[in-house]
Protein chains: 2
Amino acid sequence: MPTGHASANEARWRGAVAVLDRLRREPGSTRAALARDLGLASGTATEITARLRELDLVTETAAAASGRGRPTSVLGPHPAGPLVLVAEIRHEDWRVGVAGLDGRVAVLDADRHAHRPAAVLRAVAAVADGAVDRWGRRVRAVSVVVAATVRDGRLVQASTLGWGPVDLTALAPPRGLPLLVGNDATLAGVAEARSGAAAGAGTALHLTVEVGIGGTLVVDGRPVAGATGAGGEFGHLPFGDPALRCPCGARGCWDLEVDGRAVARHLGEPPPEDPRSHLRAALARPGARDAVERITRALGTGTAGLVNALDPEVVTLGGLAGPLRRHARAAFDAAFADGLMAFRRAAPPAVRDAVHGDDGALHGAAAVGLDEVISERGLAAWAADRAG
Amino acid sequence: MPTGHASANEARWRGAVAVLDRLRREPGSTRAALARDLGLASGTATEITARLRELDLVTETAAAASGRGRPTSVLGPHPAGPLVLVAEIRHEDWRVGVAGLDGRVAVLDADRHAHRPAAVLRAVAAVADGAVDRWGRRVRAVSVVVAATVRDGRLVQASTLGWGPVDLTALAPPRGLPLLVGNDATLAGVAEARSGAAAGAGTALHLTVEVGIGGTLVVDGRPVAGATGAGGEFGHLPFGDPALRCPCGARGCWDLEVDGRAVARHLGEPPPEDPRSHLRAALARPGARDAVERITRALGTGTAGLVNALDPEVVTLGGLAGPLRRHARAAFDAAFADGLMAFRRAAPPAVRDAVHGDDGALHGAAAVGLDEVISERGLAAWAADRAG
DNA sequence: CTCTCTATGCTCGCGAGGCGAGTTTATTCG
DNA sequence: CGAATAAACTCGCCTCGCGAGCATAGAGAG
């Protein structure tokens, strides 16, 4: 069922949202193309763009001449337009950046950290506060991405970071800005689905291997986040050996079959300190070839299972999943095909390497932050803000 | 990202959609309650209801007096309002019914069948054609539910029915009515999420055991159907023994661990002709107790894995899954808890028996059919139809 | 039985967005 | 330099939603 009723105060921004959304999807669009694609009457296009210009949301600059007829203009983000603060907290470092309406992220500051939550949050909050001081009300939302399981804006399990539960609401700077918190794999998946290897796909599955397996299903550009935001923990599906207990508390987790811990186990070595670099190293170790092949098969089989269950149009592989598949392509392909339901084999979904690389999560964070800004509610608030 | 632009011609039905949607969610609402809940000005409520009455979409009848003040009226579906044809094709029988705006289904005809696709389709189509002859343009959509894997409106795998690929588009009666085709487990899940054991949950997981396991994830009342509509085939996740080949073509499928085939295997018996009734019988067989417990554990473990991965607010159990859990409650609960990630154990999602019973799929089919009718596009078409 | 009270419905003028026909404008091509 | 062309602008019109003020149907009180 549709989502309910929006007041007329918000509904009046429908046209503006449509235009800004399209602008985000296809940056550098001309106004003429835009009106054509959205089916707007030319008068309507004039009105909407005028309104958006008035509100410092877009600029119009002369387009390169393209033939006969009156030249059109190119729409772009306004230099005084709304901004989204994005922050990323990873295994060993953090970054804070700022994104404009086009989704481009400019990094403001970054540093390594020593795994102490309070100190990291302080450092990140300081940069965020500085940004709010500098840009004031132009900052409309804060979007934080962490390498951890996130639930209701709280970090509940961060094996990678080695953190316990941490409340991130301290990152919401003054002035009651909306705070969005997301998992790194989830937001990297969003980035791939919107402007990466799964662009254009209605349903996309993203899988990433770092320590264990993370991922997300993205439907129409939005992650299927579950009731508490902790969806996408595909690594804790029991695809593996039921005798193995996972640090997450469950058993037989897929996680344990695919990362550096699995390689070490298959080689009869003790569990590695840092499973991620252990796996990366294993890709170059001739002696680890069989072990790498074995975990690649586990990756392929599980991926096929998820394709059976979720029916994505495209699967994107992030982190070390891409390199893994590349190093043992035949093993992956065979396991993948073998794990598919027969009727899917004729036209299985494409499995592609992610293209956003290390910036995927940050780009995804910017994207979901902008969703907030470029929405009927968000634009109504922006307009009210500068009127009052 | 929002779904794009709707023309003004469609946008003008926003208010009407909001009202009809609420009416569907809370049948028997008074007009006053409706205006309050949707935040409509009293004048707006007057206008919208007048418009809806004008179009034969709702009726207003005097409400039971409830105290002081001017009495309000109760809104209900109009007796000359739009209808959705629903058809269900099951293992051994079929049903065709018709639903009004309140989602209530009246069965028009039903019969057993002999597993011959062409004959079944002919019979169903005949009833549907009769309905269209009788109600004409009042019939706005045809929603078909089949006990089979459905892909792009085509039936691609029907182990239950014993059918090969079948194209169901023959069921779209004349006049180009929209045809919706869905899987039975998927639509039963929709019914539970909208008006059943998962009512009110934003993210609900439905699992059902018949022959194998079917199900669906339902987000905001809509099934996560995947790229081709074949999502929700959770039974073909490799939770089981990788040595076992599944009729679907994959191996290690969860399917094989939970239904009548699994019981027979555990008892050292040959595979049953009809796994569904074999399982039902096993529930009453003292000698099958261990086997039933074993498959119930497999159900619990897999359910926990899906909870880890998808993070539903509620899990609903349909078909024989409910009875299975009831017969071996301790086994289910232990396996479920053991399979959860530790941080989920404090507040795991409720696991409830489905309440729609055998009618779930049919109710779900009516619901998704009505989504089509009660939409800006659908209402615009309805209005245009009676104007022209 | 009538008066008062109250929650609700109705009327109507207003403002806003989108539409489309007709007009104007900036370019390129001949 | 003028014709052709594609795009932008103007303006009257439509419909929706809003909200203030008015009308109304019952319940309770006397």
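Only a predicted model underlies this, so the values are computations on that prediction, with no experimental measurement involved. Quick note on labels: first sequence line is chain A, next is B, and so on, each numbered from 1.
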Counting heavy atoms from C-beta on, name the nucleotide in [options] closest to the side chain of [X].
X: A/Ala8; options: D/dC18, C/dG20, C/dG18; result: D/dC18
X: B/Arg12; options: C/dG17, D/dA8, D/dC16; result: D/dC16
X: A/Arg36; options: D/dA8, C/dG17, D/dA7; result: D/dA7

Is [Y] paired with [X] through a side-chain N to carboxylate O contact shorter than 4.0 Å?
X: B/Arg222; Y: B/Asp371; value: no
X: B/Arg53; Y: B/Glu47; value: no
X: B/Arg386; Y: B/Asp56; value: yes
X: B/Asp129; Y: B/Arg134; value: no

Report task. Using heavy atoms to find the nearest nucleotide of DNA chain D for A/Glu60 and B/Arg51 separately, return the residue whose nucleotide is more 5′. Result ->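 Whichever sits nearer the 5' end wins; that is A/Glu60.
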Query raised in the report: Does a nitrogen or oxygen in the side chain of A/Ser42 sit under 4.0 Å from OP1 or OP2 of C/dG20?
Result: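 Result: no.
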Query raised in the report: Has A/Thr72 got a side-chain N or O lying under 4.0 Å from the OP1 or OP2 atom of D/dA7?
Result: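 A/Thr72 to D/dA7 OP1/OP2: no side-chain N or O under 4.0 Å.
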Requested in this report: Can you check each nucleotide of nucleotides 23-30 of chain D against protein heavy atoms at under 4.0 Å and return B for base, S for sugar-phosphate only, - for none, in 5' to 3' order?
Outcome: BBBBSS--
Interatomic distance where [atom1] belongs to [X] and [atom2] belongs to [N] [whole Å]:
X: A/Leu379; N: C/dG17; atom1: CG; atom2: P; value: 12 Å
X: A/Arg31; N: D/dA6; atom1: CZ; atom2: P; value: 17 Å
X: B/Leu52; N: D/dG17; atom1: CG; atom2: C1'; value: 14 Å
X: B/Glu10; N: D/dT15; atom1: CD; atom2: C1'; value: 15 Å
X: A/Leu75; N: D/dA7; atom1: CG; atom2: P; value: 14 Å
X: A/Ile48; N: C/dG20; atom1: CD1; atom2: P; value: 14 Å
X: B/Glu376; N: C/dG17; atom1: CD; atom2: P; value: 17 Å
X: A/Asn9; N: D/dC16; atom1: CG; atom2: P; value: 19 Å

Query - Selection residues 33-43 of chain A - residue pairs positive for salt bridge (charged side-chain N to carboxylate O under 4.0 Å, His left out), sequence neighbours left out - result: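 Counting only pairs at least two positions apart or across chains, the salt bridge (charged side-chain N to carboxylate O under 4.0 Å, His left out) contacts touching residues 33-43 of chain A are A/Arg22-A/Asp37.
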Report task. Could you tell me which residues satisfy side-chain hydrogen bond (donor to acceptor under 3.5 Å, both in side chains) with A/Thr186, sequence neighbours excluded, listed by chain and number? Result ->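 Here the qualifying residues are A/Asn183.
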Query raised in the report: Looking across every strand, which nucleic acid part, if any, lies under 4.0 Å from A/Ala32 by heavy atom: base, sugar-phosphate, or nothing?
Result: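 If one applies the 4.0 Å heavy-atom cut-off, A/Ala32 turns out to touch the sugar-phosphate alone, with no base involved.
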Report task. Between B/Ala35 and B/Glu47, name the one whose nearest nucleotide on DNA chain C is closer to the 5' end. Result ->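 So the residue in question is B/Ala35.
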Query raised in the report: Quick check: does any side chain N or O of B/Glu313 sit under 3.5 Å from a backbone N or O of B/Gly202, one acting as donor and the other as acceptor?
Result: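 Pair found, side chain donor or acceptor close to backbone of B/Gly202.
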